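Note that these values count all heavy atoms, side chains included, but never hydrogens, waters or copies made by symmetry. Here the structure is a predicted model, which means the values were calculated and not measured.
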There are 2 protein chains.
Amino acid sequence: MTEQQRRPTLMDVARAAGVSRALVSIVMRGAPGASEPTRQKVMEAARELGYRPDSRARLLRSSRTKLLGLSFSSSQPFHTEIVDAAYAEAAARGYEIALSAVANGRPEERAIEALLDFGSEALILISPTLSNQDLARYAGQVPLVSLLRNDVGESVDSVSSDDHAGIRIAVDHLTALGHRRIVHVDGGTAVSADQRRAAFHTEMLRHGLEPVTVPGGPTEEDGLRAGQSLIGDMPSAIIAFNDRAALGVMESLRATGLQVPTDVSVLGYDDSQFARLSYVQLSSISQDAPLLAAAAVDRAVERIETPQPPAHLVRTPHLVLRRTTGHPAPQMQP
Amino acid sequence: MTEQQRRPTLMDVARAAGVSRALVSIVMRGAPGASEPTRQKVMEAARELGYRPDSRARLLRSSRTKLLGLSFSSSQPFHTEIVDAAYAEAAARGYEIALSAVANGRPEERAIEALLDFGSEALILISPTLSNQDLARYAGQVPLVSLLRNDVGESVDSVSSDDHAGIRIAVDHLTALGHRRIVHVDGGTAVSADQRRAAFHTEMLRHGLEPVTVPGGPTEEDGLRAGQSLIGDMPSAIIAFNDRAALGVMESLRATGLQVPTDVSVLGYDDSQFARLSYVQLSSISQDAPLLAAAAVDRAVERIETPQPPAHLVRTPHLVLRRTTGHPAPQMQP
DNA sequence: GTTCGGATCTAGATCGTTCTAGTAACTCCA
DNA sequence: TGGAGTTACTAGAACGATCTAGATCCGAAC
């Protein structure tokens, strides 16, 4: 019960089936060159022995691993939604995914090295924080796809969402509702925070409005603090860096006795599972993460299978309208 | 820029340094048997060429992979907290972790097979849902540690938290505060739900109180529905299956205009990041997930390094007191 | 009847390591 | 001086698969 017996090898299966190793190899990977009867016989023997090909040996010889390395951040619930979608797409393309988390005390580089050691043929990094130079170094070894970040240099593929367009949609939506005092709770040092901040600036000016930004961050606590800092000088609408920050903002409003969206409209970003909760119903800018993930996987597979230069794919996000945005309260407007 | 050049091998380094492959191997893995001068010379040559050992080949030969397979559910934020802790402990023990997610359309078995293909020397499964028979089958191939579930049969290790003790602590805490009408919002079909429901039954009876359970589940929506079902016949305290369900319950109370903890006390389970949010401050039963994760890794490593029978480690959870539990409202008590 | 060609199968080299066994040189000491 | 013991190094066989090149069989074509 407790003793672990040695894994059966090709040789064992070959002996059991009375054929050569090479033939078993042919059958196992479904290659042409074996008759139907022997194919059956070999399969049967393999099943009998509980044979599983040793991927190390297989990969050592063939240099094909059919493996995509995917790094994500364990502290970002949003990333795990992407992981789900990536698994599905990879499976459909006949690839397996090697996961590696960027966690506390485990920098991105460690995660990447682990993925390379597993034999990944391409890497997909969700919101990588490495410098372009470091990214380029890894891109010299395997095709590299940056997901959700696009300023990654020429040697790296990227699949991202158009942050500027997302913010424009947000600002357009709120101004169309009649809002004029709109504040952006920014993402601090998070990936994409700079782009969204800049886009907010541009878009507000385009509408002839004053672009007011308050420092925030990617978590509920960041949003909460930002919301509290607005008390006493409350705008009529708030665009948060992401959904989690939006939740924090809404909590601060609730504590002040302000109603959403009656008193203040709040708009999130990501359309994450939090936004979809029935009691939250957060209006949000959706990046269509599952679609992006699928695109990243497709891109990685294409780079592997037919040599080609890196490309930069940008998708336009869209507004998911729920219950946290509405017309501003009809109060003393000039 | 785009062309991937061949990785240098031991042979290349050996040629460059003017020594044999074997000697380079000795130097690279820091084994005894090389003089200091040559050691330097070889290291220099390796650095020069940018040599990285090919783990596939290395592991093929040595049959040691120093790899622990860890499966988790991508839809459980709580699991990712465990992943973090496991990474840290594994690194400290000199092991790497291979991650595999159980996701939508990707059953636990697929995740496990992937981990075995990577060459995991042991498996750690977080809240496995497979049958004991299936678990035993895998346990015949590699040491298997079940984390957070302990009814897994004799051939499988388990590291878990004492659910009965956790519920006892919860009930004791609330009764000590003076509550007599306590309801358990259960976990439905989730792992551990049965144990907690049974424990609640026993403990309430022990206190001479009526054990009332309402159907719930592991998510916010489940808690929300359960909370709504209580409207009109509200107890003075609620023990939720986990923190996420507790959040849902609190939301339903809030919608009804009930104050927590003034009108109703709410107690969560897991002490997850949600419980710790400054605006939630949920009192919760902590399973000390990082400690459990570390214990599971330790257990797996021990099983690998010195053959021994499976063991079942049970830790006692503890109460983390925050702001959602208090004395019951002083109303018409008999 | 020989040759050809396709299908089926096999032997042996190979991938990049580690491991075992052994050689060569040098020191130590009776 | 001549083993014994130590240290530094190397040759070649593993590990478990894939791949190349060739062997064998068998029916069809000339």
Sequence neighbours left out, what pairs pass ring pair (Phe, Tyr, Trp, His ring centres under 6.0 Å) with at least one residue falling in residues 71-119 of chain A? A:F118-B:F118
Salt bridge (Lys or Arg N to Asp or Glu O under 4.0 Å) partners of B:R58, counting only residues at least two apart: none
Looking at B:R106 and B:E113, is there a salt bridge between them, counting it only when a charged N and a carboxylate O are closer than 4.0 Å? no
Contact pattern, 5' to 3', of nucleotides 11-24 of chain D - B, S or - by protein heavy atom under 4.0 Å: BBBBBBBBB-----
To the nearest 10 degrees, how far apart in direction are the end axes of the helix from C:dG1-D:dC30 to C:dA30-D:dT1, each fit to five base pairs? 70°
For B:L291, side-chain contact (heavy atoms from CB on, under 4.5 Å) partners two or more places apart: B:D288, B:R315
For A:R61, side-chain hydrogen bond (donor to acceptor under 3.5 Å, both in side chains) partners two or more places apart: none
Could you state the atom-to-atom distance from CD of B:Q40 to C1' of D:dA8 in whole Å? 16 Å
In this structure, how many angstroms lie between the P atom of C:dA7 and the CZ atom of A:R39, rounded? 13 Å
With the threshold set at 4.0 Å, does a side-chain nitrogen-carboxylate oxygen contact exist between A:R7 and A:D54? no
Does B:T38 reach a base, just sugar-phosphate, or nothing at all? Heavy atoms under 4.0 Å. sugar-phosphate
I'd like to check B:R149 versus B:Q195 (side-chain heavy atoms, cut-off strictly below 4.5 Å). Are they in contact? no
Whole-Å distance between C:dG16 C1' and B:R15 CZ? 13 Å
Got a salt bridge between B:E89 and B:R299, using NZ or NE/NH1/NH2 to carboxylate O under 4.0 Å? no
